[in-house]
Amino acid sequence: MAGWREVIAEFAATAILLALTVSAIVVGFATGSPIVTAIPCHDLRRLLTGILIAGIAVAIVYSPLGRTSGGHMNPAITLAFFLLRKLTPRSAAAYAAAQFGGAVTGVLLALLTWDHSAADVRLGATVPALGGPAACLGAEAAMTFLLVTLILNFVDRPRLMPFTGAAAALLVAVLFFVERPISGTSLNPARSLGPALVGSVWTGLWVYLTAPPLGALAAALLYRRRRRTVACGKLIHDSAYACHFLDCHYSPPAMRIHARDAGRMR
């Protein structure tokens with residue numbers, strides 16, 4: 001089961017992700033940004049911002065932080081791996097707490113850095129737009145389902161596993177461009193709760209706290225019916241970094257942590 005190193009790494013990774021995500025939105029959309037003046041086309045800026053945010057996420061996944069914690073940075077992804085028996089309940093709860101805490105910390109860092117410019121974009125808060133809450137709920141659940149399904153299929157295949165982060169980032173970039181007019185593109189309860197708490201933007205928050213977990217739940221249950229479990233709980237398994245996820249198929253048999261032993265180890 002995950003230890004304090006993994007939990008701290010997940011906290012730091014999520015904080016960096018949110019700080020840089022909000023920064024990317026500030027640069028791309030805040031009033032007075034030179035990018036807004038240089039690129040007046042809103043759709044083009046949306047595309048470029050999505051690519052930038054995806055690049056940030058993939059860089060974190062492949063960084064030492066991501067290789068240590070597994071690079072979830074999203075309670076919905078952690079939920080999927082928990083349902084596939086890669087995490088104990090205690091570890092899953094610790095990861096979720098680290099992700100929510102990291103998200104709030106990251107948004108606070110962005111606010112301290114950008115001040116009024118961050119406030120101008122509401123700290124990157126996600127709120128339902130086209131179609132209202134119902135459309136947002138459906139879009140967020142469907143898009144998270146696609147993201148989690150992609151991750152599970154890549155992680156479970158040795159030849160594809162090293163490219164999980166890159167494939168997920170590419171999908172997120174596409175989803176950001178397509179879905180942003182509907183929901184702002186969250187796919188992540190922590191990513192939405194951080195700006196909501198710091199900026200007091202509560203509009204439709206319930207959608208972002210329920211839809212991504214529902215999408216992840218559906219993806220995990222469907223995958224479990226087909227293959228029962230998944231090879232590892234990390235988006236990138238690197239043998240140079242100890243893997244504390246349960247029954248990791250990429251770890252040598254003698255070093256695997258089994259569910260029956262997890263309670264005795266910690």
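Computed over heavy atoms, backbone and side chain alike; hydrogens, waters and symmetry mates excluded.
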Judged by atom type as modelled, is there a donor-acceptor pair below 3.5 Å linking the side chain of [X] to the main-chain atoms of [Y]?
X    : Y    : answer
R85  : L246 : no
R224 : L83  : yes
R180 : T185 : no
T78  : P75  : no
Q99  : T14  : no
T144 : A141 : no
D120 : A30  : no
R256 : S251 : yes

Tell me the closest heavy-atom pair linking [X] and [Y], and the distance in Å.
X    : Y    : answer
G71  : S69  : N-OG, 3.1 Å
I60  : A13  : CG2-CB, 3.6 Å
A103 : A190 : CB-O, 3.2 Å
S23  : A19  : OG-O, 2.7 Å
A54  : A173 : CB-CB, 3.8 Å
C232 : Y250 : CB-CD1, 3.7 Å

Got a second to check how far [X]'s [atom1] is from [Y]'s [atom2], nearest 0.5 Å?
X    : Y    : atom1 : atom2 : value
L112 : L108 : CG    : CG    : 6.5 Å
F177 : L44  : CZ    : CG    : 8.5 Å
T126 : I182 : OG1   : CD1   : 13.5 Å
L65  : I8   : CG    : CD1   : 11.0 Å
C136 : E179 : SG    : CD    : 7.0 Å
K86  : C243 : NZ    : SG    : 8.0 Å

task = Determine which pairs satisfy ring pair (Phe, Tyr, Trp, His ring centres under 6.0 Å) with at least one residue from residues 42-76, sequence neighbours left out, and list them in order.
result =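 Applying ring pair (Phe, Tyr, Trp, His ring centres under 6.0 Å) to every pair that reaches into residues 42-76, excluding sequence neighbours, yields F29-H42, H72-F81, H72-Y95, H72-F245.
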Is there a path of hydrophobic side-chain contacts, each under 4.5 Å between heavy atoms of I, L, V, M, F, W or Y residues, that connects [X] with [Y]?
X    : Y    : answer
L17  : I77  : yes
L137 : L209 : no
I35  : L123 : yes
V36  : V121 : no
F176 : L48  : yes

Using the rule given for side-chain contact (heavy atoms from CB on, under 4.5 Å), can you reason through V155 versus K234, listing the C-alpha separation, both sets of side-chain angles and the distance that settles it, and then say yes or no? CA-CA 8 Å; V155 166; K234 289 186 172 186; over 6 Å; no
Steps toward side-chain contact (heavy atoms from CB on, under 4.5 Å) verdict (L52, I56):
CA-CA 6 Å; L52 178 57; I56 291 166; 4.2 Å; yes
Does the side chain of [X] reach to within under 4.5 Å of the side chain of [Y], using non-hydrogen atoms?
X    : Y    : value
I53  : T49  : yes
P189 : P213 : yes
L187 : L175 : yes
L111 : V198 : yes
H244 : I257 : yes
F145 : L222 : yes
N188 : P212 : no
L146 : M143 : yes

Between W202 and L197, does the side-chain contact (heavy atoms from CB on, under 4.5 Å) criterion hold? Intermediate values first, please.
CA-CA 8 Å; W202 309 109; L197 284 176; 3.5 Å; yes
| message | Would you say CZ of R122 has more than 12 non-hydrogen atoms from neighbouring residues, nucleotides or ligands within 6.0 angstrom? | response |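 Open.
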| task | Any side-chain hydrogen bond (donor to acceptor under 3.5 Å, both in side chains) involving residues 152-164? Give me the pairs, sequence neighbours left out, ordered by first then second residue. | result |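 Every pair satisfying side-chain hydrogen bond (donor to acceptor under 3.5 Å, both in side chains) with a residue in residues 152-164: N153-R157, D156-Y223, D156-R227.
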_Set of side chain to side chain contact (heavy atoms under 4.5 Å, CB included) partners for V61, sequence neighbours left out_ =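 Expected list: M73, L235, I236.
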| request: Test L193 against L205 for side-chain contact (heavy atoms from CB on, under 4.5 Å), laying out the working first. | output: CA-CA 7 Å; L193 185 62; L205 179 61; 3.8 Å; yes
